[in-house]
2 protein chains.
Amino acid sequence: MIQVFKKYLTDKIAITDEEWAMFEQYGMIKKLRKHQYLLQEGDVWRLNAFVCKGCLRKYHVDDKGVEHIVYFSIENYWTGDRESLLSGMPAKSNIDAIEDSVILLYSIEHFELLKSKIPAFKDFTISLLDRSFVASQNRVHSFISQTAEEKYLDFIKTSPQIANRIPQHMIASYLGISPETLSRVRKLTIKK
Amino acid sequence: MIQVFKKYLTDKIAITDEEWAMFEQYGMIKKLRKHQYLLQEGDVWRLNAFVCKGCLRKYHVDDKGVEHIVYFSIENYWTGDRESLLSGMPAKSNIDAIEDSVILLYSIEHFELLKSKIPAFKDFTISLLDRSFVASQNRVHSFISQTAEEKYLDFIKTSPQIANRIPQHMIASYLGISPETLSRVRKLTIKK
DNA sequence: GAAAAAACTTGATCTAGATCAATGGAAATT
DNA sequence: AATTTCCATTGATCTAGATCAAGTTTTTTC
């Protein structure tokens, strides 16, 4: 299963056999059953997690007990709680598996070691962060300026591989609209 | 005016005199009058901009001609259009001065040079990006889960130094609510 | 493969916040 | 100092989307 990560990595940067050996040595494979938690609110997150197989969601629970999904991750995506990682404080979010999944984990210490020993990998993580930041800003912009319908159409257009495998009410939660509204939006847009 | 940047930098990382000389050599000071653009939609952004003095806003204009503010920057903040910088494509956003301002500019080439010659500075920019990403994610979360009132109270609590110097209708735009709603929200919350 | 649990749809009603419109006050601009 | 432009407030009305409530279909589980 770590082969998924090897392919991902070698598609992006040139890696020697010795360097790959380090990734193999430090990586920990974790299997998650559907509904199982990778991270629970209140725990401190100290890892970097690469999804080899499956699908996970990251969500917050508000005062009224409502879940708000902030991120989905499928094969070749990273997940985790950066805020907890950086601050060392307990996470305010939960991450659980939507499907049976296989995750590759690196402790923060091993991950730092890999970055320091392999400059190309360090640069890669920076460019990943750069693109994540731009994506997050675009998402903010979509919330400021788009209607429910626009947000939905945008989502299925830009993330069809995610949209096609998760339950509809989770898409609604991710878009910040009610499941009923999403159902009605879809009925209208299919006809168009 | 570049002294503002020197203080900012030396508060954060240790810098030799020779290193500081490079920052002085490559930095370009630009003065902006109120309402003057730093970046206009359609231009390619190829800089990093540090605000020495004043206040700027970054905003998008939608199909209906409505402005949506996505970011404010005051003294000791950075600004720019990362999406255009990374992609090389024309910017979809505008940045202009809300007050007469003084900006310190580094071309992308000089900025890369500084990062490669001064590892501590490179690490600093990574940590800055890390924190910007977390802030952006928290803003997404606030749009998914908060009411107009909650967003406003949060904003004046976490960014009082910004909230106190910009016109109210710009706060409304930043929060994704109408100026009238913000006026009403304030009337209610002051009484409480 | 039957029963139970989730997930989706549809209708009726409600509401937070938008939009429209008018007024008064504060800042720029001359 | 006068005039114009911009800003904030307030009231009246409207609407996108939420909430509540069934009913139906799909998926899990035993």
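Residue numbers begin at 1 in each chain, while the letters A, B, ... track the order of the sequences.
- The residue among B:Ala148 and B:Lys34 whose nearest nucleotide of DNA chain C is located toward the 5' end is B:Ala148.
- Aromatic ring orientation, A:Tyr77 versus A:Tyr71: tilted (interplanar angle from 30° to 60°).
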Between the protein and nucleotides 5-8 of chain C, list the N/O to N/O atom pairs that are separated by less than 3.5 angstrom.
{"residue": "C:dC8", "atom": "OP1", "partner": "A:Gln168", "partner atom": "N", "Å": "2.9"}
{"residue": "C:dC8", "atom": "OP2", "partner": "A:Gln168", "partner atom": "N", "Å": "3.3"}
{"residue": "C:dC8", "atom": "OP2", "partner": "A:His169", "partner atom": "N", "Å": "3.0"}
{"residue": "C:dC8", "atom": "OP2", "partner": "A:His169", "partner atom": "ND1", "Å": "3.1"}

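- For the pair B:Asp96 and B:Arg57, the salt-bridge criterion is met [side-chain N within less than 4.0 Å of a carboxylate O].
- Ion pairing between B:Arg186 and B:Glu180 fails under the 4.0 Å rule for side-chain N and carboxylate O.
- Between B:Phe143 and A:Phe143, the ring planes are parallel. Angles under 30° get that label, and only those over 60° would be called perpendicular.
- Put simply, CZ on B:Phe143 is 14 Å from C1' on C:dG17, counting in whole angstrom units.
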What nitrogen or oxygen pairs link the protein and nucleotides 19-25 of chain D at under 3.5 Å?
{"residue": "D:dT19", "atom": "O4", "partner": "A:Arg184", "partner atom": "NH2", "Å": "3.0"}
{"residue": "D:dC20", "atom": "N4", "partner": "A:Glu180", "partner atom": "OE2", "Å": "3.2"}

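- Atom CD1 of B:Ile98 is separated from atom C1' of C:dA27 by 16 Å (rounded to the nearest Å).
- D:dG17 atom C1' lies 18 Å from atom CD1 of A:Ile171, rounded to whole Å.
- Residues A:Leu38 and A:Ile98 are members of separate hydrophobic clusters, defined by side-chain heavy-atom contacts under 4.5 angstrom among Ile, Leu, Val, Met, Phe, Trp and Tyr.
- Side chains of B:Phe23 and B:Leu114 form a contact here, defined as non-hydrogen atoms less than 4.5 Å apart.
- Nearest heavy-atom pair across A:Ser73 and A:Thr79 is OG-CB, 3.5 Å.
- Between D:dT9 and B:Lys187, no contact under 4.0 Å exists linking OP1 or OP2 to a side-chain N or O.
- Counting any heavy atom pair closer than 4.0 Å across all strands shown, A:Leu182 reaches no nucleic acid atom.
- Atom CG in B:Leu175 sits about 18 Å away from atom P in C:dA16, given to the nearest Å.
- Note: A:His68 and B:His141 have perpendicular aromatic rings, judged against thresholds of 30 and 60 degrees for the angle between ring planes.
- The two residues B:Ile95 and B:Asp81 make their nearest non-hydrogen contact at CD1-N, 4.4 Å.
- Atom-to-atom, OH of A:Tyr152 to P of D:dG17 comes out at 15 Å; the value is rounded to the nearest Å.
- Here the C1' atom of nucleotide D:dT28 and the CZ atom of A:Arg33 are 13 Å apart, to the nearest Å.
- The CG-P distance, from B:Leu188 to D:dT9, rounds to 12 Å in whole Å.
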